[in-house]
There are 2 protein chains.
Amino acid sequence: MRYAGTISKRNNNNMKVTINDVARLAGVSMKTVSRVMNNEPSVRKKTSDKVMAAVKELNYKPNLAARSLAGTKSFAIGLVYSNPNAYYVIDMQNGILSRCKEEGYELLIHPCSSTDENVLDEIQTMIERSRLSGLVLTPPLSEREDVIELLDSLNINYVRILSGREPTEQEGKSNAIFVNDHDAAYQITEHLISLGHKHIAFITGEEEHKSTLERLAGYKAALSEHNISLDESLIFPGKYSFESGVEGAKAIMAKNSKVTAIFACNDEIAAGALFASRLMDIKIPEQLSITGFEDSPFSKQTWPKLTTAHQSNQDIATQAAKLLFANSRPTKIKEEKMAVCFTPELVVRDSTGHIA
Amino acid sequence: MRYAGTISKRNNNNMKVTINDVARLAGVSMKTVSRVMNNEPSVRKKTSDKVMAAVKELNYKPNLAARSLAGTKSFAIGLVYSNPNAYYVIDMQNGILSRCKEEGYELLIHPCSSTDENVLDEIQTMIERSRLSGLVLTPPLSEREDVIELLDSLNINYVRILSGREPTEQEGKSNAIFVNDHDAAYQITEHLISLGHKHIAFITGEEEHKSTLERLAGYKAALSEHNISLDESLIFPGKYSFESGVEGAKAIMAKNSKVTAIFACNDEIAAGALFASRLMDIKIPEQLSITGFEDSPFSKQTWPKLTTAHQSNQDIATQAAKLLFANSRPTKIKEEKMAVCFTPELVVRDSTGHIA
DNA sequence: TTGTCAATTGACAGCGTTGTCATTTTTACT
DNA sequence: AGTAAAAATGACAACGCTGTCAATTGACAA
């Protein structure tokens with residue numbers, strides 16, 4: 001395979017180009033070059049041009065290590081997650097990365113298991129050894145008080161991605177992105193109700209995840225709003241996994257013949273429920289409607305395609321990163337309005353239908 | 001949620017602890033502390049103990065930026081990929097990360113689109129600004145000559161993950177991990193043949209991917225070995241995507257009624273073929289057998305479950321990282337034998353069956 | 001005990017930037 | 001033109017660590 005683009009005049013003289021080289025070529029001091037590189041004010045246009053020309057000619061790239069050692073910024077932020085969902089994680093990474101690229105930052109990723117006792121130490125070590133200038137936290141880590149306490153005590157800038165509608169009573173007001181699982185779940189449930197379903201089962205995710213609680217709450221709110229009495233026995237405690245969906249659907253169908261719809265707490269569970277339905281020879285959506293949540297790529301690939309709630313994790317991540325950088329900026333607040341609350345949208349596909 | 005583990009005596013005095021502090025407390029020079037931290041020889045056990053004690057007491061963590069600036073190592077390696085498959089990428093990251101953790105390195109991830117003209121520049125910039133000490137390349141980037149040329153000219157240590165059986169004629173002998181797609185494809189095809197199939201269609205991935213060619217070659221080899229004449233019209237040029245599988249299966253079944261099996265170049269394609277079969281009301285595996293490749297998580301979640309070839313991307317990635325670190329070690333070669341060739345293994349599930 | 005050589009340790013410069021603060025240049029007025 | 005204030009620029013130390021090389025210590029043989 002051959003490189004298709006323009007052959008760029010790559011500077012491969014193999015010698016490190018330092019700020020000093022640029023300064024000499026441009027006929028200014030190192031400090032001035034530094035100013036230009038950092039977009040600091042108080043540099044004459046003419047000077048700046050000279051410097052930029054020299055930078056281009058030498059193909060100069062500031063050394064991040066030196067920059068972070070000498071300065072106060074570190075040019076790296078971290079992403080800590082314990083979420084096993086590959087699609088979710090990739091979207092998060094890409095969303096944050098897109099913003100990092102603009103800011104010239106690097107992203108250090110740090111997967112960890114939330115059950116591991118050492119998470120706190122790991123996070124602290126990560127922050128201290130790399131002198132991270134910020135951190136993005138995803139659920140369920142973002143919901144852990146001890147993690148937040150640690151970050152506060154470390155005096156580090158962070159943004160949490162949270163399930164909820166509003167900055168809660170907690171202080172965490174300006175450094176969180178909210179995903180309104182409640183209202184999305186409400187919509188899904190309402191959709192089911194509008195199709196005539198009255199006996200709607202619910203398969204939950206891990207109860208440690210706030211999203212589980214929020215979605216469940218939205219479901220309950222919709223039922224109540226439409227005067228459908230809540231039947232606690234229709235709520236099956238599960239995990240955010242395919243297997244959980246399989247089990248859940250089996251259990252539900254086995255013990256309750258009245259159920260005509262299942263609200264799965266995410267797409268994986270829904271896919272599992274779909275699978276179980278096949279096993280039990282239950283026709284979807286003719287005999288049973290199933291809904292997912294998240295709109296993962298595979299929700300379009302199941303048979304039938306899943307009705308679900310679409311949330312763009314990449315957008316959420318980008319906003320989180322934006323917020324992080326905005327907060328770390330020296331008081332230049334509110335440079336642009338930022339969405340801090342996302343409500344996933346109902347996407348009706350083929351796994352839900354009118355009650356028979 | 002509350003932190004379950006032992007409450008560690010966290011040193012949150014908020015003051016940076018430097019190597020100098022440790023040196024003073026231990027009553028040695030900074031250089032000696034440095035030696036201990038880097039496991040250099042020529043440090044008396046007694047001295048080392050003193051230092052370690054001080055390190056622990058102060059909860060000292062070496063500053064990566066300073067380390068990389070002063071020393072020759074950078075404590076960061078990079079992972080460059082243009083692969084859209086979330087599962088693949090996550091596995092790669094985790095595999096590499098597990099090794100990085102042991103070595104105390106950080107991982108910088110760098111997704112990029114292989115069609116982008118700027119990949120070369122991006123890679124170069126990434127390497128130079130972070131002074132990366134190594135790079136792991138995944139297909140298809142790892143197969144691009146121009147990328148390799150660039151890395152060589154940059155004089156950077158790298159490991160490629162390649163599709164193939166052996167270090168090819170090319171120089172790249174000691175810095176590549178091979179995935180033997182050919183033999184795995186051979187096995188899959190043989191499996192199909194053993195079930196009585198003689199008209200086996202093949203849906204390819206992007207032809208720029210060497211894996212596509214290797215898998216196709218394995219398929220052809222198996223056919224030939226079993227005296228089944230190759231029918232080029234049964235080869236459907238596709239992409240590594242679900243949609244491609246849908247289209248491919250439709251096209252194949254539309255124009256050739258003799259086909260009883262489809263070899264899909266990966267699981268996504270297979271899932272798409274499965275989906276299309278449902279659309280066309282074709283029973284799997286009774287009327288048609290379908291095989292995947294890679295054993296993605298969802299290959300156990302399709303209906304029916306996919307027969308595929310299992311490859312542990314995480315292991316592959318770990319080996320790649322191992323090789324990378326081994327190569328960068330100053331001539332301490334062959335510290336442990338390393339697997340450099342992986343052959344995915346046939347996993348028979350429910351999407352293949354005897355010919356009717 | 002003393003000398004010799006290897007093992008251990010330390011002093012110090014320097015990695016490539018930026019922060020601080022002093023100096024020079026420009027601008028805006030009288 | 002002359003002056004004060006503002007703007008632009010530069011000199012230099014410092015960031016926290018490791019490489020180099022010199023100094024010290026210990027081990028061992030004579």
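Protein chains get the first letters and strands the later ones, always in sequence-line order, with residue 1 at the start of each.
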Open item on the list: Please classify the nucleic acid contact of B:P62 as base, sugar-phosphate, or nothing, using heavy-atom distances under 4.0 Å.
Closed with: sugar-phosphate
Open item on the list: Distance check needed: D:dG26 P versus B:K45 NZ, whole Å only.
Closed with: 18 Å
TODO: When you get a sec, tell me which of C:dG19, D:dC15, D:dT9 is the closest nucleotide to the side chain of A:E40?
DONE: C:dG19
Task: Shortest non-hydrogen contact from B:L108 toward B:S130 - done: CD1-OG, 3.5 Å
Open item on the list: With hydrogens left out and only the distance checked, is there a donor-acceptor pair under 3.5 Å joining A:R35's side chain and the base of D:dG10?
Closed with: yes
- [ ] Specify the residue among A:T32 and B:F75 whose closest nucleotide of DNA chain D lies further upstream toward the 5′ end.
- [x] A:T32
TODO: Would you tell me if any nitrogen or oxygen in the side chain of A:T18 comes within less than 4.0 Å of OP1 or OP2 on C:dG16?
DONE: no
TODO: List the steps, then state whether ring-ring contact (aromatic ring centres under 6.0 Å, His included) holds for A:Y105 with A:F325.
DONE: CA-CA 10 Å; A:Y105 273 61; A:F325 286 119; 4.8 Å; yes
TODO: Report the distance from atom CD1 of A:I19 to atom C1' of D:dC12, rounded to the nearest whole Å.
DONE: 14 Å
- [ ] To the nearest Å, give me how far apart CZ (A:R131) and P (C:dT18) are.
- [x] 17 Å
TODO: Would you kindly give the CG-to-C1' distance between B:N39 and D:dT18, to the nearest whole Å?
DONE: 15 Å
Task: Side chain of A:S34 - closest among C:dT18, C:dG19, D:dT18 - done: C:dT18
Task: Phosphate OP1/OP2 of C:dA11 contacted by B:S29 side-chain N/O (<4.0 Å) - done: no
TODO: Check for a donor-acceptor pair, side chain of A:T32 on one end and backbone N or O of A:V28 on the other, with a separation under 3.5 Å.
DONE: no
- [ ] Measure across A:C100 and A:I77 and return the closest heavy-atom pair with its distance rounded to 0.1 Å.
- [x] SG-CD1, 3.6 Å
Task: Distance test, side-chain N/O of A:R44 to OP1/OP2 of D:dA8, below 4.0 Å - done: no
- [ ] Would you mind classifying the nucleic acid contact of B:M30 as base, sugar-phosphate or nothing, using non-hydrogen atoms under 4.0 angstrom?
- [x] base
- [ ] Identify, between B:S42 and B:L69, the residue whose nearest nucleotide on DNA chain C lies closer to the 5' end.
- [x] B:S42
TODO: May I ask you to verify if any side-chain N or O of B:N20 is less than 4.0 angstrom from the OP1 or OP2 atom of D:dG16?
DONE: no
Open item on the list: Rounding to an integer number of Å, can you tell me how far A:L64 CG sits from C:dT18 P?
Closed with: 10 Å
Open item on the list: Applying a 4.0 Å non-hydrogen cut-off, can you work out what A:T72 is touching in the nucleic acid: base, sugar-phosphate, or nothing?
Closed with: sugar-phosphate
Open item on the list: So, under a plain 3.5 Å distance rule, would you say the side chain of B:K31 forms a donor-acceptor pair with the base of D:dG19?
Closed with: yes
Task: Distance test, side-chain N/O of B:T47 to OP1/OP2 of C:dT8, below 4.0 Å - done: no
TODO: Grab the CE-P distance between A:M37 and C:dG19 for me, whole Å please.
DONE: 14 Å
Open item on the list: In this structure, how many angstroms lie between the C1' atom of C:dG14 and the NZ atom of A:K16, rounded?
Closed with: 11 Å
TODO: Could you tell me the separation between the CG atom of B:N38 and the P atom of D:dG16, rounded to a whole number of Å?
DONE: 17 Å
Task: Which atom of B:V17 lies closest to which atom of B:Y60, heavy atoms considered - done: O-CD1, 3.4 Å
Task: Shortest non-hydrogen separation from A:I177 to A:I316 and the atoms involved - done: CG2-CG2, 3.9 Å
